[in-house]
Amino acid sequence: MAIPAAAPPADDVIRYTNTGLNLRSDPAATSAKVATLVKDTRVRIQFCSSGWCKVGTAQGVGYVSQKYLRR
């Protein structure tokens, strides 16, 4: 069964960025930038809450906006 687009992804799943975006230290657009992720960067989601996902990438661990992730 497919997960609806509005539903948060399950923990510990792989997604890809659908645009370039900043990996942040905290779940807020004003928090410090950890790295800049290019489009199609592979990320492993640890968890999502309130529109932000904590992810692990080759560039480090941090938070990205959930709306910029795709399968």
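Cluster annotation: V43 and V61 are assigned to distinct hydrophobic clusters (Ile/Leu/Val/Met/Phe/Trp/Tyr, side-chain heavy-atom contacts under 4.5 Å, transitive). V13 is connected to Y68 through a chain of hydrophobic side-chain contacts under 4.5 Å among Ile, Leu, Val, Met, Phe, Trp and Tyr, so both are in one cluster.
At distances below 3.5 Å, not a single donor-acceptor pair connects side-chain atoms of T17 with backbone N or O atoms of G20. Side chain of R24 to main chain of S31: a donor-acceptor pair is present (N/O by atom type, distance under 3.5 Å, no hydrogens or angles).
In this structure, the separation between CD on Q66 and OG on S49 is 9.5 Å, given to the nearest 0.5 Å. Atom OH of residue Y63 and atom CG of residue D26 lie 6.5 Å apart, to the nearest 0.5 angstrom. With rounding to the nearest 0.5 angstrom, the CZ atom of F47 is 12.5 Å from the CH2 atom of W52.
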Side chain to side chain contact (heavy atoms under 4.5 Å, CB included) evaluation trace for N22 with L37: CA-CA 6 Å; N22 294 320; L37 306 177; over 6 Å; no

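The shortest distance between side-chain heavy atoms of L69 and N18 does not fall below 4.5 Å. Contact annotation: the side chain of L23 approaches that of V55 to within less than 4.5 Å [non-hydrogen atoms, C-beta and beyond]. With contacts defined as side-chain heavy-atom distances shorter than 4.5 Å, the pair T41/Q59 qualifies.
Other residues sharing a hydrophobic cluster with Y16 under the 4.5 Å side-chain heavy-atom criterion for ILVMFWY residues are I14.
Residue pairs satisfying the salt bridge (Lys or Arg N to Asp or Glu O under 4.0 Å) criterion with at least one member in residues 28-56, sequence neighbours excluded, are listed as follows: D12-R44, D40-R70.
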